[in-house]
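Every number for a ligand or one of its atoms is a count from 1 in the order of the listing. Values in this document were obtained by computation on a predicted structure and should not be read as measured data. The basis for the numbers below is simple: all heavy atoms, side chains too, and nothing from hydrogens, waters or symmetry mates. The first residue of the sequence shown is numbered 1, and numbering continues consecutively from there.
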Amino acid sequence: MAVHAHPDDESSKGAAATARYAAEGVEVLVVTCTGGERGDILNPSFEVPEGYEFESIEGRRAVRRLEMAKAAEALGVRQQWLGFVDSGLPEGDPLPPLPEGCFALVPLEEAAEPLVRAVREFRPHVITTYDPSGGYPHPDHIKCHDVSFEAFAAAGDPDRYPGTGEPWEPLKLYYNHGFSMNRIRAVHEAVEGAGLESPFGDWVESRDAREIPERPVTTLVPVADWFPNRDAALTAHASQIDPAGFFFAVPRDLEVDVWPWDEYELAESRVPLPERAPGEYEEDLFEGVRSEVHA
Ligand SMILES: [Zn+2]
């Protein structure tokens, strides 16, 4: 179960890994907390589909549902909405208040309940989400972490969230880390080494300047064969992803050579796992799970 804040996040974080696991026969469910109703049009070549509009909350929700269905098809996964409303990314100084009724303002137990219900229905062994900082400071990404962590902790407890189905205890919880400094630096240097303009120049400089502490990456899942699925899923989010923009700025053959993985941090495990030396990585989100489940 891959839990994400908005439609398109499943295509930019861990997308190739979900496509790979789905292709290998794992049942994969993407859960999307909000409808992405406050996303602006970020693709200059985007044209609103015939019969749709992008002005109102309802209009954006409808367009983004259409895009999400295409992305899920490209990844070969099932997808489910939790039904919360996008909080938007507040900008300005001072920051404006969050809009009434948005996901980030829903109290934790109320916000986590539909996810606990989804966990008890779908019964995942592994859940992926974002780290406590959200990965980047969008209030919905932080809330996505909070509800996922809560659901991982509570779904197996018969005393919590009564009326949401039979308890189910997931075995591992991971955080997505698609933009670790190791990856950014490796790709940046390879792109520049090939005499091309890197999309990560400013990024490397500003991250160095801000000295943001890195989250530990524990797991590198080889996924290069599923980059085409990821790219098709990204492109499906036509209102958000510019096919001439950032996400497509790194030549794909170079990416396959330099960084053929999706990266994760193992946050919680209820199965025993081998000790690893620094620099050694787990390669499978289901390590320790397959034997446990078959037993
Ligand atoms: Zn998002």
Exercise. Which is it for H6 and D140 under the side-chain hydrogen bond (donor to acceptor under 3.5 Å, both in side chains) test, yes or no, and what are the steps along the way?
Worked result: CA-CA 8 Å; H6 308 109; D140 289 335; 2.9 Å; yes
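No other N/O/S atom of D9 lies as close to the Zn ion (ligand 1) as OD2 does. For H6, the N, O or S atom with the smallest separation from the Zn ion (ligand 1) is ND1.
In terms of modelled atom types and a separation under 3.5 Å, the side chain of Y130 and the main chain of K143 share no donor-acceptor contact.
Among the atoms of H138, none of the N, O or S atoms falls under 2.8 Å from the Zn ion (ligand 1).
Here F227 and W259 keep their ring centres 6.0 angstrom or further from each other.
Taking CG of D9 as the start and OG1 of T129 as the end, the distance is 10.0 Å to the nearest 0.5 Å.
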